[in-house]
Amino acid sequence: MKAKTLAVRAGQTRSHFQEHAEALYLTSSFVFESAAQAAARFAGDEEGFVYSRYANPTVAMFESRLAALEGGERCVATASGMAAILAVVMTFCQAGDRIVAGRGLFGATQQLFATILTRFGVTTEWVELSDSDAAATAIRRVRPRLVYCESPTNPLTELIDLALVAEVAHEVGALFVVDNCFCTPILQQPLAFGADLVVHSATKYLDGQGRVLGGAVVGAQVLVNEVVRFLRTAGPSLSPFNAWVLLKGLETLPLRMQAHCAHAQAVAEFLAGHPNVTRVYFPGLPSHPQHALAKRQQRGFGGIVAFEVAGERQAAWQVIDRVRLFSITANLGDAKSTITHPASTTHGRLAPEVRAAMGVREGLIRLSVGLEDPEDLIADLDQALTLR
Ligand SMILES: *Cc1c(COP(=O)(O)O)cnc(C)c1O
């Protein structure tokens, strides 16, 4: 079935009450009919719920729905996006293993790889994966356990050719992991291009209304089963309440993504024609260097737009301080549009020269374009840019 149908219908189970909406099972444990049944459930000889760190009916509905949308065999939910990423690394890596990671990853993912994993002997090589030749050369040289990327990247919206990277990763026996947070399965299904695992920060578009934290790992049954084994022991499971919020979020995901894409396109086109904007980063503009790849790999161009104004930090901060509609917050994927200065927030911990090498300049501003009327968003940006 199509995404709009799966988003509303996939994965629902009903109790004997026959409730129409998905039920919220806010319980930490489940009772057994006998000591023998308890033993059988614990041993895994009998199917059924035991304890919500292992599995929960509301969480299971969210997992099934997201697996259906991603076209994956199995999904396991986690307490946050970072918990999903940590679970994948802890499941598949051991001391001595290497990771090849794309540049331009989410800040906390970079910190996890660069500072925490190194203490356990897992090292990361940072590669410009958006450059296909550089990607292939580095993966063949490093022979990593994992190849890890986001596409498009944050904040510069660079794309990675997923089919190409998947092929080279498999050639050296690596697992290819894609953080699909920016596109969601509505715009891009990495598994269809050969990725082994998809990770999500459900906190962003899957919720879509900025309410709860959550994450997920999706992929083949044999791989996700391993991640489940780690999670049920290590503990960063998703709360049933958060799963219930996210489950309802998925119902409107296809419609929301359509609107995010349309509004972002309008905002990007406006910015591209504004005299005080020196550069716009958005895969939906024909001037984007990977516009053709974006058309091939994605079903829409997403809701994230970055742009530069001339001058230093002060010029960018002035625009941010002058907008009235956009919220000044680093969150993204919300119904509400947000505005961020990456160089002093999400990328503020990086050394200035590292930031410069990544292309995150002082004049750069990132927008997550929300569901407000794009005419109002454009008017707001226009007054903020023109008063300068
Ligand atoms: C926010 C985010 C994460 C981390 O997710 P949390 O739910 O905040 O833990 C990971 N990847 C990307 C691309 C993100 O935007």
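Counting starts at 1 for both ligands and their atoms, following the listed order. Note that this is a predicted model, so its numbers are computed, not measured. Side chains included, hydrogens not; waters and symmetry mates left out as well; all remaining heavy atoms used.
- Contact check for L285 versus E269: side-chain heavy atoms found under the 4.5 Å cut-off.
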Check ligand 1 against the protein and report each N/O to N/O distance under 3.5 Å, formatted as atom name, atom name, distance.
residue  : atom   : partner : partner atom : Å
ligand 1 : 5 (O)  : S201    : OG           : 2.9
ligand 1 : 7 (O)  : G81     : N            : 2.8
ligand 1 : 7 (O)  : S201    : OG           : 2.9
ligand 1 : 7 (O)  : T203    : OG1          : 2.6
ligand 1 : 9 (O)  : G81     : N            : 3.1
ligand 1 : 9 (O)  : M82     : N            : 2.9
ligand 1 : 11 (N) : D179    : OD2          : 2.6
ligand 1 : 15 (O) : K204    : NZ           : 2.6

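- For the pair R65 and E251, the salt-bridge criterion is met [side-chain N within less than 4.0 Å of a carboxylate O].
- There is no path of hydrophobic side-chain contacts, each under 4.5 Å, that joins Y281 to L271.
- Counting heavy atoms from C-beta outward, L350 and M358 have side chains that approach closer than 4.5 Å.
- Not less than 6.0 angstrom separates the ring centroid of Y25 from the ring centroid of F49.
- Test H263, H260, H291 against F301 for ring pair (Phe, Tyr, Trp, His ring centres under 6.0 Å) and you get one pass: H291.
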